[in-house]
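Please read all numbers here as calculations on a predicted model, not as lab measurements.
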Amino acid sequence: MSNIKTFLEFVSEDIINKWGTDLSRIAVVFPNKRAALFMNEHLARYAGKPIWSPSYITISDLFRQHTARAVGDPIKLVCDLHKSFVKCTGIDETLDHFYGWGQLLITDFDDIDKNMADADKIFCNLKDIHELDDISYLTDEQREMLKRFFANFGDDHESELKKRFLSLWSHFDDIYHDYNERLYSQGLGYEGSIYREVAENGDTNFKYDKYIFVGFNLLQKVEQKLFARLKGMGKAHFYWDFDASYMPRNKFVQSTEAGHFIAMYLEHFPNELDTRSADIYSNMRKPKNITFLTASTEDIQARYVSPWLRQDNRFKDGRHTAVVMCDESILLPVMHSLPPEVDKVNITSGFPLAMTPIASLVSQMFDLYTIGMRKRGEHYVTSYVGKVLTHPYAHYISENAKSTFATLKEQHIFYPDRSLLTMNDEDEGLSMLFPANAGFAATGDIKQLLNLIATTIKRIGVNAKDVDDALFQESVFRMYTIVNRLEQLAADGDMDVDITTLRRLTKQLTASTTIPFHGEPVVGVQVMGVLETRNLDFDHVLLLSCNEGNMPKGVNDSSFIPYSIRKAHGLTTIDHKVAIYSYYFHRLLQRASDITIAYNNTTDNGHTGEMSRFMLQLMVDGTHSISHCNLLAQNLCAPLTSRAINKDESIMSVLDGMSSISPSAINKYIRCPLSFFYQQVAHIKEPDSEDDTVDNRMFGNIFHKSAQIIYEDIADRNGTVEKTSLQKYIGKEDLLESVVDRAFNEELFKMPEGATRTRYYNGLQIINRKVIMEYLRQLLRIDQCLAPFSILGLEKAVYSDIVFATEDGKQHRKSVGGIIDRLDIVTDEASGRQTIRVVDYKTGHQPTMKIKTVEEIFESNNISQKHSDYFLQTILYSLIVDKSKALNPSALNISPALLFIKQVANEGYDPVLEIDSHKISDVAIYKKQFIDLLKNVLAEIFDPNKPFVPTEDRQRCAMCPYRMICGT
């Protein structure tokens with residue numbers, strides 16, 4: 001541990017020496033709150049006996065204590081500015097569009113007031129060069145800068161962009177004054193206006209005898225004026241923290257070093273440099289051990305925290321050791337990287353509210369009440385209902401949440417006025433969560449929506465009041481505070497936005513809110529952001545993510561006031577922002593002897609890969625020796641690899657218990673035995689698509705259902721389909737539409753058969769609906785050429801037992817089969833011979849490669865290339881029909897057919913399958929060979945000595961839903 005005194009130790013010792021132990025009439029003013037805890041301890045130690053502690057306040061507290069006005073809520077400030085904007089410009093801009101740049105304009109107004117600039121002069125007419133006649137208050141350099149800028153707005157430099165800028169600029173002065181008057185009448189103000197009021201009020205009564213200002217850096221004009229007044233009253237004393245070796249003695253210099261600031265102070269307060277400063281700071285330029293680390297990711301830097309703390313037992317120095325994050329988004333990986341030896345740690349950065357479960361619930365509720373709501377609140381889409389009812393906090397809303405969703409999940413549409421009354425008519429939570437005919441859906445009443453969300457959050461808090469989880473309790477409370485505040489603004493008429501904007505505001509407020517960690521701040525390793533390091537000193541410093549863009553932090557010049565005008569009128573510029581962070585950086589390293597600075601050197605994902613300019617300055621300075629190292633991730637974790645799964649007793653028990661097996665399951669095994677295991681044995685469901693999504697599977701289901709409805713309608717009592725019956729659907733658009741709507745209701749929206757619903761389709765559903773109708777027309781047209789023909793069955797289930805033996809000699813009997821799309825009888829016009837067709841509808845593309853042998857149907861590489869899986873299924877169904885006396889009493893020839901809807905318009909199209917370019921006019925020809933090969937596959941599946949192995953073709957794994965499980 002270093003023997004160098006910290007800045008706060010010097011200050012504390014000097015305060016005790018000068019003012020003794022009764023400090024009750026003294027206020028110590030800091031830039032932020034954190035330093036007060038450390039100073040209090042130092043004062044007690046240097047006093048050596050009980051003392052009357054001073055009052056500790058921040059600079060913000062000092063200004064706010066001396067005004068009757070309050071700083072307005074950020075959202076209310078923008079809403080009031082919007083009113084002033086509309087009044088002064090006459091532009092009926094919506095708050096939704098105004099909000100973003102309204103925040104920017106408030107920032108500009110705030111900067112004007114904090115630097116006590118004249119808004120009237122700043123927002124003067126840019127086209128009138130005579131506005132520059134009275135600029136005696138500016139330096140020659142500033143005058144020249146303004147003249148060059150104003151020249152761009154002369155009559156010969158017109159453009160549409162400049163016209164727009166000038167039109168808007170001409171109103172800024174009126175907006176500024178109207179806005180301040182509007183806020184003043186409500187007893188409110190933005191921070192800059194309140195600071196300016198206090199600074200300009202010469203009658204302010206300062207209640208403390210002494211104001212000791214500790215550790216300030218770049219002062220704004222309001223602070224300078226207040227400090228000067230208190231100094232003139234004999235009430236102010238100053239302690240500046242700087243590196244004496246950098247200090248310029250006479251004039252303000254354009255430097256980013258720490259001395260930059262003390263030079264400015266000496267201009268304003270020339271007598272305030274204590275004579276003891278030379279002694280205090282004479283040892284600041286001691287040798288330092290500095291290491292620069294390059295890393296390829298932020299995560300690698302976070303994981304380095306553990307070995308860094310362990311090295312040389314840095315963690316044992318407790319609060320003299322600091323991990324500082326230039327990018328606080330890496331807080332969570334840093335927390336997870338703290339070694340177990342660190343039993344005490346103080347984390348100054350708060351836990352992000354946006355990463356808590358309550359934030360996700362509020363987001364899901366917004367989804368439910370916007371995109372998940374239909375017909376102005378009459379019903380909800382079940383997928384969005386499910387996200388809310390299956391949320392971890394849903395049981396605090398209703399004990400019936402989980403069971404309710406289990407009942408509803410087979411439906412696509414959830415009608416609260418029907419479903420809830422029949423299931424849980426006394427359930428207050430569900431009735432509150434799903435109001436029937438919610439008014440805000442029709443009227444856009446955000447107050448009602450916010451009240452609903454706030455009431456729900458409150459119910460969670462009340463029902464979970466006994467939960468012993470501080471993060472849970474605090475996050476629920478803070479989220480309720482945000483939503484409740486928005487509701488108040490809406491109720492008072494201060495916030496008039498649509499639900500989309502409301503959601504964005506809520507998300508923005510949530511993202512900017514953190515939950516503080518509770519603990520003893522002056523004990524243990526310190527984990528903090530850059531701003532929390534102000535006034536604090538450490539022996540060991542690990543500075544993470546010290547990239548350009550993080551250090552200095554997000555410096556930009558986003559403003560309505562151009563740089564030249566800002567510079568001329570003494571407003572804050574990008575130069576000031578960079579200089580402030582330069583001071584933070586150098587001051588942090590000032591007394592540290594052990595310094596490690598890491599940065600990300602990759603150039604992807606938004607990273608520039610550049611080290612901070614301040615790191616480069618240290619290298620160029622040459623005062624300190626700097627070591628350079630690379631952080632490399634050790635790839636110790638072996639990647640997941642696919643492995644075979646042996647058939648133990650539990651697996652064989654599942655297999656033996658299978659009474660039937662479908663052709664799709666057999667094809668799954670041929671394609672990849674391991675995926676068969678996951679689906680058929682382990683019963684791991686493939687992930688479902690969103691209920692609103694018409695994926696390939698759902699598209700096929702809707703088409704199949706539509707075709708079934710049509711042919712059930714047009715077939716007569718004997719199953720005969722005539723040309724005129726087909727023409728009825730081809731010629732009537734509304735009839736075809738009603739069929740497709742019914743199919744959508746039953747297949748996608750999960751409505752009971754015969755139930756009706758008001759049509760509502762999203763954009764993609766409308767497109768799919770149109771395509772399905774066109775496919776149906778094509779099917780009807782080709783069947784017109786075939787008619788008359790007879791329908792034997794639609795969506796017909798067919799099964800047959802197959803007996804086979806495994807290598808262990810055990811006999812097995814399994815029922816094999818499935819659902820036939822269409823079973824019909826067609827008559828050959830030339831011969832008059834009848835044939836039964838087993839027709840399978842396909843809405844995809846017909847394969848170009850042909851099946852040449854029956855063996856190819858059972859070869860796995862032909863599934864993707866030749867769609868051999870289609871052949872296996874349709875031929876299997878055909879063989880079952882062939883031997884069925886019920887389905888084929890006349891022993892007619894059976895032909896398997898794949899009807900590819902996209903190809904039916906081709907002249908001479910025939911869907912009957914071919915093997916080696918020969919039409920299968922009688923499937924019985926291939927019976928023995930096909931059944932033998934099928935038995936071989938079944939024997940593999942049910943053989944206890946044949947493990948489930950992964951496919952050797954890794955290309956098949958790309959779209960496999962189980963690829964993350966098996967590790968491919």
Side-chain angles (χ1 to χ4, degrees), residues 69-114 117-128 153 159-194 196-197 440 442-450 482 485-509 558-562 565 571:
R69 292 198 290 160
V71 175
D73 180 279
I75 298 178
K76 176 171 174 53
L77 288 176
V78 177
C79 293
D80 280 353
L81 179 61
H82 176 250
K83 295 174 183 176
S84 294
F85 171 83
V86 173
K87 174 184 175 182
C88 296
T89 64
I91 301 174
D92 191 20
E93 183 72 79
T94 64
L95 180 58
D96 180 16
H97 294 154
F98 176 85
Y99 199 90
W101 60 272
Q103 292 175 307
L104 190 61
L105 192 54
I106 290 176
T107 301
D108 284 341
F109 289 170
D110 186 77
D111 195 39
I112 288 172
D113 286 334
K114 284 184 176 176
D118 189 329
D120 295 330
K121 286 187 170 66
I122 290 175
F123 297 125
C124 66
N125 187 349
L126 296 182
K127 290 186 66 174
D128 189 355
F153 290 89
S159 70
E160 186 60 31
L161 180 61
K162 289 176 182 175
K163 287 178 181 177
R164 287 185 174 185
F165 178 79
L166 289 169
S167 175
L168 193 58
W169 182 272
S170 65
H171 293 292
F172 279 165
D173 191 36
D174 295 331
I175 295 171
Y176 172 83
H177 291 296
D178 183 82
Y179 181 48
N180 274 281
E181 290 171 5
R182 185 184 302 275
L183 294 177
Y184 191 87
S185 66
Q186 302 174 70
L188 299 174
Y190 49 89
E191 194 173 71
S193 65
I194 288 178
R196 184 170 193 164
E197 175 190 300
F440 58 82
T443 65
D445 184 356
I446 62 170
K447 179 180 178 297
Q448 183 185 3
L449 173 58
L450 287 166
I482 289 173
R485 177 55 181 149
L486 291 172
E487 182 188 354
Q488 290 174 358
L489 289 171
D492 295 340
D494 291 320
M495 185 176 66
D496 183 15
V497 296
D498 59 23
I499 292 179
T500 302
T501 306
L502 173 65
R503 179 177 188 169
R504 187 163 61 247
L505 293 179
T506 306
K507 186 176 181 180
Q508 183 181 20
L509 288 171
S558 298
S559 170
F560 285 107
I561 306 174
I565 295 181
L571 302 184

Identify the two heavy atoms, one from [X] and one from [Y], that lie closest to each other, and give their separation to 0.1 Å.
X    : Y    : result
G72  : L188 : CA-CD2, 4.3 Å
D110 : G192 : OD1-N, 2.6 Å
R69  : G189 : NH1-CA, 3.7 Å
Y184 : E197 : CE1-OE1, 3.9 Å

Reported [atom1]-to-[atom2] distance for the pair [X] and [Y], which is rounded to 0.5 angstrom:
X    : Y    : atom1 : atom2 : result
I106 : D111 : CD1   : CG    : 13.5 Å
F109 : I122 : CZ    : CD1   : 10.0 Å
I75  : D494 : CD1   : CG    : 11.0 Å
I175 : H82  : CD1   : NE2   : 10.5 Å
C88  : K83  : SG    : NZ    : 14.0 Å
T501 : I446 : OG1   : CD1   : 9.0 Å

Closer than 4.0 angstrom, basic N to acidic O: yes or no for K87 and D174?
no
Who passes side chain to side chain donor-acceptor pair (under 3.5 Å) against [X], sequence neighbours left out?
X    : value
Y99  : none
T107 : none
D80  : K76, Q186

Donor-acceptor check, side chain of N180 to backbone of Y176, threshold 3.5 angstrom: yes or no?
yes
Donor-acceptor contact present, side-chain W169 to main-chain I561, <3.5 Å:
no
Any non-hydrogen side-chain atom of [X] less than 4.5 Å from a side-chain atom of [Y]?
X    : Y    : answer
D108 : L571 : no
L81  : Q103 : no
M495 : L450 : yes
I194 : D113 : no

Residues forming a ring pair (Phe, Tyr, Trp, His ring centres under 6.0 Å) with Y179, sequence neighbours excluded:
Y190
Residues at least two apart in sequence or cross-chain that pass side-chain contact (heavy atoms from CB on, under 4.5 Å) with D120, listed by chain then number, are D118, D173, H177
Side chains of residues 486-493: which donor-acceptor pairs under 3.5 Å do they make with residues two or more places apart or in other chains?
residue, atom, partner, partner atom, Å
E487, OE2, N451, ND2, 3.0

